[in-house]
Amino acid sequence: MNGPPPGVASPGKPALAYMPLIVLLTALAALGMLSTNIYLPALPVIGQALQADAGQVRLTLTVYLAVFAVCQLVAGPLSDRHGRRPVLLFGLPLFFAATLVCAMSTSIEMLILGRALQAVGACAASVVGRAMARDLFDGPALGRALGLIMTGVAVAPGFGPLLGGLLQEGFGWRAPFYAVAAFGILTLAIVLRALGETRPPAAGPVRLAGAFASYGSLLGSSAFLLPALATSCALGALFAFFAGAPGLFIAAYGQSPTEFGLTSSATVFAVFAGGFSAPRLMRRFGAMAAVRFGFLVLAGGGALLLALTVSAPGLWPAIGATFVFLYGIGIVNPLTVAAALQPFPQRAGAASALIGALQMAGATTGAALVNLLPLPGLQPMPAAMLATALLGLLCMLVRPRVAQLA
């Protein structure tokens with residue numbers, strides 16, 4: 001495919017008509033999230049196998065997240081300057097090779113190095129996946145396409161740990177890395193065969209210094225900044241949930257790790273439901289109303305969980321509140337990302353990279369709030385979820401309207 005298929009950018013064209021393309025873009029965008037958490041159930045075993053303490057093992061995650069965040073700010077401008085495909089053809093082979101380094105590590109230092117290089121490759125794929133979506137879709141079609149893509153990306157946190165735990169129990173701690181490497185090389189093969197350059201020809205070659213300078217202009221535009229901050233707040237709420245959920249479901253409600261993994265997998269369907277609802281809500285009520293509704297649902301789920309941590313009525317009400325919360329995530333995430341990307345077709349790479357960096361900052365903040373809020377027991381997690389959701393809603397209340405999505 002050498003550029004957008006005919007009609008993809010048409011506002012009236014249903015995104016489902018291009019499902020193979022959307023599946024591929026989802027795979028690219030999800031690579032980073034999948035690599036983040038599929039190996040988490042194996043962390044204790046990794047420490048034993050590589051004779052590393054818990055702090056050293058946690059560095060494999062911390063270094064990955066830090067490198068991923070920084071490299072996004074480079075990958076976006078590079079894709080605007082040189083095109084999406086060259087950045088992909090650099091990032092995906094690097095990702096594959098680095099994941100093999102992780103799988104074959106014989107020391108914790110080797111694993112940390114592999115994770116850092118893996119983050120560079122995963123970052124390139126994730127940034128370019130979002131930028132390609134903006135290249136190929138426009139208007140309501142962009143909202144529908146990103147609804148499907150971001151819903152697919154959200155599956156990784158739900159199913160990743162369960163899949164990683166099963167692989168680790170069956171084949172050892174290296175197996176999750178080999179599985180991710182296989183996913184990476186399969187994605188590369190499909191890209192080589194089926195995906196051409198998508199950067200708009202009108203964009204032309206740009207100076208790299210100017211591409212980096214575009215971050216300043218993007219941050220100075222409320223059309224970008226407010227929806228980008230809103231999606232970062234949504235990610236903050238989500239990662240606050242990730243940080244505190246094991247303590248809630250395992251420690252407080254007595255679930256086993258396997259039961260917790262199954263619960264996480266089941267709740268992913270709430271994200272699916274929200275993602276599929278988002279374009280329908282947008283068409284019926286308008287993009288702004290849909291985003292506001294999503295944040296209200298998001299905040300409602302956090303408020304319900306906060307009430308449950310005070311009264312502790314039982315496991316099933318907590319699962320129900322989690323479904324409400326994740327349904328809101330499914331609505332908010334694609335619509336806010338689409339709103340931030342929509343006005344900037346010539347800078348889609350830089351905008352995608354900056355969104356990713358802000359999302360990573362929001363995720364880090366949300367997870368940190370769980371440890372920082374001076375509240376008793378399990379209350380910090382839902383309190384952080386509620387606070388970040390309300391902050392995201394405030395961002396979208398400040399802005400007059402979401403850019404040209406409805």
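- Here Met360 contributes atom CE and Ser126 contributes atom OG; the two are 8.0 Å apart, rounded to the nearest 0.5 Å.
- Side-chain atoms of Ser105 come within 3.5 Å of backbone atoms of Val101 as a donor-acceptor pair (strictly under, hydrogens ignored).
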TODO: Determine, step by step, whether Phe285 and Arg280 satisfy the side-chain contact (heavy atoms from CB on, under 4.5 Å) criterion, reporting the C-alpha distance in whole Å, the side-chain angles of both residues, the deciding distance to 0.1 Å, and the verdict.
DONE: CA-CA 8 Å; Phe285 301 109; Arg280 292 169 174 79; over 6 Å; no
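- Using a 4.5 Å cut-off on side-chain heavy atoms (C-beta onward), Ser221 and Phe344 make contact.
- Leu21 has its side chain within reach of Leu136: a pair of non-hydrogen atoms, C-beta onward, lies under 4.5 Å apart.
- The shortest side-chain heavy-atom distance between Leu111 and Cys102 falls under the 4.5 Å cut-off.
- Counting heavy atoms from C-beta on, the side chains of Leu238 and Thr388 never come closer than 4.5 Å.
- Tyr253 places no side-chain N or O within donor-acceptor distance of the main-chain N or O of Trp316, the cut-off being under 3.5 Å.
- At a threshold of 4.5 Å between non-hydrogen side-chain atoms, the residues Leu308 and Leu248 do not count as touching.
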Task: Worked verdict on Leu304 versus Thr322 for side-chain contact (heavy atoms from CB on, under 4.5 Å) - done: CA-CA 9 Å; Leu304 285 172; Thr322 299; over 6 Å; no
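- Taking both residues in full, the closest heavy atoms of Glu197 and Pro86 are given as OE1-CD, 3.5 Å, listed atom of the first, atom of the second, then distance.
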- [ ] Step by step, work out the side-chain contact (heavy atoms from CB on, under 4.5 Å) result for Leu305 and Val324.
- [x] CA-CA 10 Å; Leu305 278 174; Val324 173; over 6 Å; no
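- The side chain to side chain contact (heavy atoms under 4.5 Å, CB included) test applied to Ala230 returns Phe295, Thr336, Cys395, Met396, not counting sequence neighbours.
- Here the shortest heavy-atom pairing between Ala228 and Ile355 reads CB-CG1, 4.4 Å.
- The OH atom of Tyr215 sits 4.5 Å away from atom CG of Leu73, with the distance rounded to the nearest 0.5 Å.
- Side-chain contact between Pro93 and Leu188 is present, with heavy atoms from C-beta onward closer than 4.5 Å.
- The shortest non-hydrogen separation linking Leu225 to Leu219 is CD2-O, 3.4 Å.
- Closest of all the heavy-atom pairs between Ala240 and Gly366 is CB-O, 3.4 Å.
- Residues Asp53 and Ile108 form no side-chain contact, since every pair of their non-hydrogen atoms from C-beta on lies 4.5 Å or further apart.
- Atom-to-atom distance recorded for Leu92:CG and Leu192:CG is 8.5 Å, nearest 0.5 angstrom.
- Ring pair Phe241/Phe325 is tilted by interplanar angle, where 30° to 60° counts as tilted.
- Contact detail for Leu373 and Ala384: the closest heavy-atom pair is CD1-N, 3.7 Å.
- Using a 4.5 Å heavy-atom threshold, the side chains of Met132 and Leu88 count as touching.
- Side-chain atoms of Ser79 never come within 3.5 Å of backbone atoms of Val128 as a donor-acceptor pair (strictly under, hydrogens ignored).
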- [ ] Starting from the C-alpha separation in whole Å, work towards a yes-or-no answer on side-chain contact (heavy atoms from CB on, under 4.5 Å) for Tyr178 and Leu100.
- [x] CA-CA 7 Å; Tyr178 282 119; Leu100 289 182; 4.1 Å; yes
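- Side chain of Arg85 to backbone of Val191: a donor-acceptor contact under 3.5 angstrom is found.
- At distances below 3.5 Å, not a single donor-acceptor pair connects side-chain atoms of Gln379 with backbone N or O atoms of Leu306.
- Scanning for salt bridge (Lys or Arg N to Asp or Glu O under 4.0 Å) contacts around Arg115 gives an empty result, with sequence neighbours left out.
- Between Pro380 and Val370, the closest heavy-atom pair is CB-O, 3.3 Å.
- Not counting sequence neighbours, the partners of Thr99 by the side chain to side chain contact (heavy atoms under 4.5 Å, CB included) test are Phe95, Gln118, Phe177, Val180, Ala181.
- Phe224 contributes atom CZ, which lies 4.0 Å from atom CG of Leu354 (distance to the nearest 0.5 angstrom).
- Atom CG in Leu391 sits 8.0 Å away from atom CG in Leu229 (nearest 0.5 Å).
- Here the CG-CG distance, from Leu89 to Leu94, works out to 12.5 Å after rounding to the nearest 0.5 Å.
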